[in-house]
Amino acid sequence: MEFEKLQQFLKEEEAARITALREEEEQKSQMMRKKIEKMTEEISSLSEQIRAIEQELGAEDISFLQSYKDTQIRAQCTLGDPEKVSGALIHVAKHLGNLKYRVWEKMLGTVQYTPVTLDPNTAHPKVSLSEDLTSVRCSDERQQVPGNPERFDGWSCVLGSEGFSSGRHFWDVEVGGEGWEVGVIKESFSRKGVVAPSTAVWGIQQYRSEYRALTSPPTVLTVQRKLQRVRVQLDWDRGEVSFSDPRNKTPFYTFKHSFTERQFPFFSTLGTVQICPLKVSVRIK
């Protein structure tokens with residue numbers, strides 16, 4: 001289905017560009033037709049003058065002499081040379097210049113990039129993922145899924161598909177509903193049984209009307225207004241996991257720990273959470 005969307009985009013773009021080419025062709029053809037019609041009218045008028053003068057030249061001597069001055073005036077051609085029309089040719093460079101790049105650049109407006117892709121093989125049976133693997137929804141129904149070792153069975157949670165063992169990384173999450181948890185978790189953490197805050201989980205949660213850091217015991221966070229988005233930032237090398245509001249860059253909490261293994265993004269919710277796409281830009285060097 002995703003490939004069909006891309007193919008449909010290319011078909012529509014091709015049709016739009018061919019339409020633009022045909023419109024330019026029709027516009028310039030119409031301009032040239034008007035020029036030709038004007039030249040034809042001028043040629044016809046000139047031909048009539050020539051025929052009239054030839055008739056007068058064939059008249060009797062006295063009649064010719066009497067109308068000589070009028071004939072002389074009419075014989076003077078006041079028509080200039082045909083005007084050379086600029087821009088009459090199709091603007092080929094406009095239609096073909098960097099064609100593949102221009103189409104690709106325009107395609108960026110229809111393509112989204114999310115810094116985290118969810119891994120359905122880790123999702124708890126009550127957790128459902130969107131088709132594009134960017135949002136999480138929790139339901140009361142338990143899905144029939146394989147009981148593979150990577151899957152959580154006691155915590156309504158799902159992990160990101162890629163773990164990080166170096167560098168700085170961040171992702172924004174749209175949050176809502178009665179409860180949710182976001183953060184990072186170490187790779188070796190057991191996926192089976194009930195999960196409790198420990199030295200393996202670094203995250204924050206909304207629990208009823210409170211926002212808390214997943215410490216032991218939980219640390220209540222001071223938040224001025226209801227959170228709609230949360231930014232999770234992992235600095236693996238410095239051993240920091242920080243949380244903030246991306247709307248006003250207000251920090252909430254920062255964990256400090258010396259990481260020794262890969263960290264995976266985790267998401268848990270009683271409602272729905274959505275990973276926010278990043279804005280994609282192109283730089284030409």
Side-chain angles (χ1 to χ4, degrees), residues 111-125 127 129-130 132-136 145-175 180-206 211-216 218-219 221 227 229-246 249-269 273-281 283:
V111 176
Q112 290 188 333
Y113 171 79
T114 52
V116 174
T117 301
L118 302 175
D119 183 358
N121 294 337
T122 66
H124 185 277
V127 168
L129 308 183
S130 60
D132 60 359
L133 305 179
T134 62
S135 68
V136 187
V145 292
N148 51 302
E150 300 87 358
R151 191 178 306 280
F152 287 87
D153 65 2
W155 183 21
S156 298
C157 171
V158 63
L159 301 187
S161 61
E162 181 184 1
F164 307 109
S165 57
S166 64
R168 298 179 64 187
H169 313 272
F170 80 90
W171 52 94
D172 293 347
V173 186
E174 286 190 2
V175 293
W180 48 262
E181 296 171 330
V182 296
V184 298
I185 189 172
K186 71 178 183 180
E187 183 176 19
S188 63
F189 188 80
S190 175
R191 315 291 170 84
K192 308 303 179 183
V194 179
V195 175
S198 65
T199 57
V201 178
W202 298 269
I204 64 172
Q205 67 176 185
Q206 179 189 348
Y211 297 101
R212 308 190 300 187
L214 296 179
T215 56
S216 184
T219 302
L221 305 177
L227 294 179
R229 286 193 178 189
V230 174
R231 173 164 295 179
V232 185
Q233 184 162 315
L234 167 66
D235 190 331
W236 196 95
D237 300 321
R238 294 183 61 182
E240 292 183 353
V241 183
S242 58
F243 299 87
S244 61
D245 186 341
K249 299 181 180 179
T250 302
F252 304 137
Y253 196 82
T254 298
F255 291 88
K256 293 183 180 295
H257 182 80
S258 297
F259 299 120
T260 58
E261 58 181 282
R262 284 203 298 176
Q263 304 297 316
F264 283 82
F266 78 83
F267 309 86
S268 178
T269 180
V273 297
Q274 170 82 44
I275 303 168
C276 303
L278 295 179
K279 184 177 180 181
V280 179
S281 61
R283 290 197 309 166

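Worth knowing before you read on, the calculation uses all heavy atoms, side chains too, and leaves out hydrogens, waters and symmetry mates. Because the structure is predicted, anything quoted here is derived from the model rather than measured. Positions are given from 1, in the same order as the sequence printed here.
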Measure from the side-chain N and O atoms of Q263 to the backbone N and O of E261, and report whether any donor-acceptor pair falls under 3.5 Å. yes

Have a look at V136 and tell me which of I275, V182, V173, T269 forms a side chain to side chain contact (heavy atoms under 4.5 Å, CB included) with it. T269

When you measure from the side chain of N148 to the backbone N and O of N121, does any donor-acceptor pair fall under 3.5 Å? yes

Value for CZ (F252) from OG1 (T219), rounded to nearest 0.5 Å, stands at 15.0 Å

What are the two closest non-hydrogen atoms of S268 and S156, and how far apart are they? OG-O, 2.6 Å

Min side-chain heavy-atom separation D237-S166 under 4.5 Å: yes

Look only at the side chain of H257 and the backbone of G239, and say whether a donor-acceptor pair between them is shorter than 3.5 Å. no

Would you compute the distance between atom OG of S242 and atom NZ of K256 and round it to the nearest 0.5 angstrom? 9.0 Å

Determine whether F267 and V127 make a side-chain contact, defined as any pair of heavy atoms from C-beta on separated by less than 4.5 Å. no

Does P146 offer a backbone N or O that forms a donor-acceptor pair with the side chain of R151 under 3.5 Å? yes

Any idea which heavy atoms bring P251 and S244 closest together, and the distance? CA-CB, 3.8 Å

Side chains of V201 and F266 in contact at under 4.5 Å (non-hydrogen atoms): yes

Roughly how far, to the nearest 0.5 Å, is the CG atom of D119 from the CD atom of E150? 7.5 Å

Which heavy atom in S135 sits nearest to a heavy atom in L118, and how many Å separate them? O-CD1, 3.7 Å

Are any non-hydrogen side-chain atoms of F243 and L227 less than 4.5 angstrom apart? no

Would you indicate whether the side-chain heavy atoms of V280 and V111 approach each other to under 4.5 Å? no

Once you round to the nearest 0.5 Å, how far does CH2 of W180 lie from CD of Q205? 8.5 Å

Taking C-beta and beyond as the side chain, do T117 and E162 meet within less than 4.5 Å on heavy atoms? no

Shortest non-hydrogen pair, W171 vs G183, comes out as CZ2-O, 4.1 Å

Can you establish whether the number of heavy atoms outside Q112 located under 6.0 Å from its atom CD is more than 12? no

I need the L234 CG to F264 CZ distance, nearest 0.5 Å. 12.0 Å

Is a side-chain donor-acceptor pair under 3.5 Å present for W155 with E181? yes

Might you point out which heavy atoms bring K192 and G147 nearest each other, and give the distance in Å? NZ-O, 4.3 Å

Side chain proximity check, Q274 to T134, heavy atoms < 4.5 angstrom: yes

How far does CD of E240 sit from CD of Q233, to the nearest 0.5 angstrom? 9.0 Å

Exercise: identify the closest heavy-atom pair between L129 and P120: CD1-CA, 3.5 Å

Contact check, side chains of L278 and F170, non-hydrogen atoms, under 4.5 Å: yes

Derivation and outcome, side chain to side chain contact (heavy atoms under 4.5 Å, CB included), residues V184 and F164: CA-CA 10 Å; V184 298; F164 307 109; over 6 Å; no

